[in-house]
Amino acid sequence: MSSADRYYITTAIAYANNRPGLHTLYEVVGADVIARWHRMKGDETRFLTGTDEHSVNIAQKAAELGKSTKDFVDENVALFRAAEDALLISPDRFIRTTDPDHIHAAQEMVRRAYANGDIYVGDYEGWYCPAEGFKSPSDVIETADGTRCPNHPTVPLQWLSEHNWFFRLSAYQARLERHFEEHPDFAQPDYRRNEMLGFIRGGLEDFSISRAGATWGIPFPIMPDGSSSQRPDGTWDPAAGTVYVWYDALINYVTGAGFPDDPTAFARWWPADLHVIGKDIARFHTIYWPAMLWSAGLEAPRRVWIHGWLLAQGERMSKSLGNFLDPVDVVRTLGADGARYVTLREVPFDRDADVSWDSFVRRYNADLANNFGNLLNRSVSMANRYLGGERPAPGNGGLQGRWMQALPAYGEKLEACQLSEALAGLWDFVDAANRDVDLQQPWVLAKEAGAGAEGKNEQLRGVLGDLLEACRLIGLAVAPFMPTGAPKILAQLGYQYAYRADGNGGPALLDELRWGAHEGESGRVAVAEPLFPRIEAESATPAPG
RNA sequence: GGCGGAGUAGCUCAGUGGUAGAGCAGGGGACUCAUAAGCCCUUGGUCACAGGUUCAAAUCCUGUCUCCGCUACCA
């Protein structure tokens, strides 16, 4: 992986029509871990996440609730931010598509596409629900009365045609194909890349980028004759319509980098190193988006990571089905660190995975309470009991060798977005440390040393020094996953935690992760206290639905 | 329909020619530093099915069944 000194990572922006579920925030947690990893490594890091707030659906929903659209999205955004705070998400900017600079950026992208000859006025045809707006063919149902909108089955649909702006995606087919071939890592994982490549090879059609009727959206900046739609008083001519979907939502990634008004920032942050997105929007991010950027004279992002969905008993978690986990519930039971760890350990980042409350609790107990939590607890307890709280220097026993293998593998998996595998490998090291305790039997060494046996005290100090060092390394390495757990782990071991709450500010993580990085420093461990108390089944909140 | 992927222990999965594996869950044991955790041992599988190639197949080939992903304008 590259060791660039700056790292720009984004998530998809969430549709602000409701409160968030864990299945929505899951990708944000994953991206947050990667962002924190880079911050701690010392890369200048920018992590962007936020909300997508335009669309007729949102305006409609707000109207149904008797609220102004802006109040409605403000309320939902507050719920997102609260849930993200609970999960310790650390965006450098939380972007909203209603932010003024974003509106400006989207309009500028449209202007550039126009200047480049890539947009033109055409006819958009489709089913139109008078109560809601245009419906895609997959979004309508056949009833005895004819084709209807599932949300308004009593209202007859109309087949409408309206003048809209189209983006000339077809002009970019060859360049896209070449880009995929020259940059095999651009879209990942591989099977998603192949799907997208197959789609490109099948031929690309232009897509519409404006809507004539909608008012809750970014004013389209250009009139059909090519003149500006901005009036002398600064307002926009509603006859120009609004920007539709992708020329609004996707633009957030360049807005968040400073486009177009802060060229210095933009030159620093663009192109993005990584877009983390869900599989449902892979096509828009890996095909539409590069073409849109090229049209504006900008570079494509370096990498797009496409993750899967969280399933409940084989079905996609969703708000409409009600089979989702509330992140606040999960945090309440497992703690923020536990919730983050368990989610990213249970779900491979490259595909769908079935999750359940039981599987989360089981994973928490096995990995955090029993394995790592207990390793830390028993190590600190023994240092207190046998060495009066002194923290001896690490030796160079078998654990050191294992660590020198485990660390590079961990970093590689993490940077390859294989978060679950990264943790699995790290926990092999946890297991090795636990096995070492039983192999070395420090309690026997302590007894022998107490009886005056030759060399036993040195041996005991070496063993405990190794164990405490293993705990330090694990605690620091998992800090991106467990932002509040890590400082507590280090504190139990008698170390200062050098990083700020968002992971910035400390020494380069890879230096700290060297075996024996602090061996010259004397120190004392704290009183042992379980950091990840075991969760009994009865006390766990049952999963809703 | 087309293209692609997958079917291996109760669960999640690894394993691409050479006597079936891991973690979790279940059972037993010895220990005691520890969150009754950890450690050791262990019960579970005709590797979807049927043929074929081979001295040898979960692993290669053919066919069948089942499941999943992609197959354009939802945020």
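Every heavy atom of this structure was used, including side-chain atoms; hydrogens, water molecules and symmetry mates were not. Proteins get letters first, then strands, A, B, ... in listed order; numbering begins at 1 in each.
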Paired nucleotide for A50(B) [Watson-Crick or G-U wobble; both distances under 3.5 Å]: U62(B)
Gap in Å between the two C1' atoms, one belonging to G15(B) and one to U8(B), rounded: 9 Å
Which nucleotide in C13(B), U35(B), U32(B) has an atom nearest any side-chain atom of Trp443(A): U32(B)
Anti versus syn assignment for G44(B), with syn defined as within 90° of 0: syn
Spacing of Gln440(A) atom CD relative to A34(B) atom P, expressed in whole Å: 18 Å
Spacing of the C1' atoms in G1(B) and C47(B) (rounded, Å): 32 Å
Separation of the C1' atoms in A22(B) and G45(B), to the nearest angstrom: 14 Å
Side-chain donor/acceptor contact of Asn374(A) with base of G38(B) under 3.5 Å: no
Minimum-distance nucleotide (side-chain atoms of Arg351(A) versus C40(B), A72(B), C13(B)): C13(B)
Leu204(A) CG - C73(B) C1' separation (whole Å): 13 Å
Whether Trp159(A) and Trp127(A) hold their rings parallel, tilted or perpendicular, with breakpoints at 30° and 60°: perpendicular
Listed nucleotide nearest any side-chain atom of Tyr124(A), set A14(B), C33(B), C73(B): C73(B)
Touch class at under 4.0 angstrom, heavy-atom based, for Gly203(A) against every strand present: base
Cation over ring face, Arg19(A) and Phe324(A), 6.0 Å, 45°: no
Distance, C1' atom - from U66(B) to A30(B), rounded to whole angstrom: 47 Å
Interatomic distance at C1', G69(B) relative to G52(B), whole Å: 31 Å
Nearest to side-chain heavy atoms of Lys279(A), which nucleotide of C73(B), G69(B), A72(B): G69(B)
Nearest heavy atoms of Cys471(A) and Leu493(A), plus distance in Å: C-CD1, 3.7 Å
Sugar-phosphate, base or nothing in reach of Ile13(A), heavy atoms under 4.0 Å: nothing
Closest to the Tyr15(A) side chain, choosing from C73(B), A75(B), C33(B): A75(B)
Listed nucleotide nearest any side-chain atom of Phe532(A), set A72(B), G69(B), U35(B): U35(B)
Stepwise ring pair (Phe, Tyr, Trp, His ring centres under 6.0 Å) check, Tyr172(A) with Tyr288(A): CA-CA 9 Å; Tyr172(A) 289 90; Tyr288(A) 287 25; over 10 Å; no
Under-3.5 Å donor-acceptor pair between Asp52(A) side chain and A75(B) base: no
Touch class at under 4.0 angstrom, heavy-atom based, for Pro533(A) against every strand present: base
Atom pair distance, as rounded to whole Å: CD in Gln441(A) and C1' in C31(B): 8 Å
Nucleotide nearest Asn434(A) when distance is taken to its side chain, options C39(B), C33(B), A72(B): C39(B)
Derivation of the salt bridge (Lys or Arg N to Asp or Glu O under 4.0 Å) call for Lys488(A) and Glu529(A): CA-CA 10 Å; Lys488(A) 292 179 191 164; Glu529(A) 188 182 339; over 6 Å; no
Mutual orientation of the aromatic rings belonging to Trp294(A) and His179(A) [parallel < 30°, tilted 30-60°, perpendicular > 60°]: perpendicular
Residues in salt bridge (charged side-chain N to carboxylate O under 4.0 Å, His left out) contact with Lys447(A), at least two apart in sequence or another chain: none
Complementary nucleotide of A56(B), counting Watson-Crick and G-U pairs under 3.5 Å: none
Sugar-phosphate, base or nothing in reach of Tyr191(A), heavy atoms under 4.0 Å: nothing
Interatomic distance where CZ belongs to Phe284(A) and P belongs to A75(B) [whole Å]: 10 Å
C33(B) base / Ser381(A) side chain donor-acceptor hit below 3.5 Å: no
Spacing of the C1' atoms in C55(B) and G23(B) (rounded, Å): 36 Å
Stacking of Phe207(A) on C73(B) base (centres under 5.5 Å, planes under 30°): no
Asn57(A), nearest nucleotide to its side chain (from A75(B), A34(B), G69(B)): A75(B)
Separation between the P atoms of A48(B) and G7(B), rounded to whole Å: 8 Å
Sugar-phosphate only, base, or nothing, as touched by Gly198(A) at under 4.0 Å among non-hydrogen atoms: nothing
Touch class at under 4.0 angstrom, heavy-atom based, for Tyr244(A) against every strand present: sugar-phosphate
Give me the distances for all protein-to-nucleotides 20-29 of chain B N/O pairs that come in under 3.5 Å?
none

For atom CG of Leu375(A) and atom P of A34(B), their distance in whole Å: 14 Å
Position toward the 5' end of RNA chain B (nearest nucleotide), Trp309(A) or Asp354(A): Asp354(A)
Identity of whatever pairs with C67(B) - Watson-Crick or G-U, under 3.5 angstrom: G5(B)
Nearest atoms (heavy-atom pairs only) where Trp216(A) meets Ala59(A): CB-CB, 3.9 Å
Given RNA chain B, 5'-ward residue of the pair Met196(A) and Glu346(A), judged by closest heavy atom: Glu346(A)
C33(B) OP1/OP2 closer than 4.0 Å to side-chain N/O of Tyr386(A): yes
Partner nucleotide, any strand, of G38(B) [Watson-Crick/G-U, under 3.5 Å]: none
Parallel, tilted or perpendicular: ring planes of Tyr364(A) versus Phe532(A), cut at 30 and 60 degrees: perpendicular
Between P of U35(B) and CG of Leu334(A), the distance in whole Å: 21 Å
Length of the line joining His23(A):NE2 and A75(B):P, which is rounded to integer Å: 17 Å
Identified ring-ring contact (aromatic ring centres under 6.0 Å, His included) counterpart of Phe220(A) within the set Trp165(A), Tyr244(A), Tyr114(A): Trp165(A)
Rounded P spacing from C61(B) to U16(B) in Å: 14 Å
Identity of whatever pairs with A20(B) - Watson-Crick or G-U, under 3.5 angstrom: none
Length of the line joining Leu176(A):CG and A72(B):P, which is rounded to integer Å: 17 Å
Residues Arg201(A) and Glu181(A) bridged, charged N to O under 4.0 Å: yes
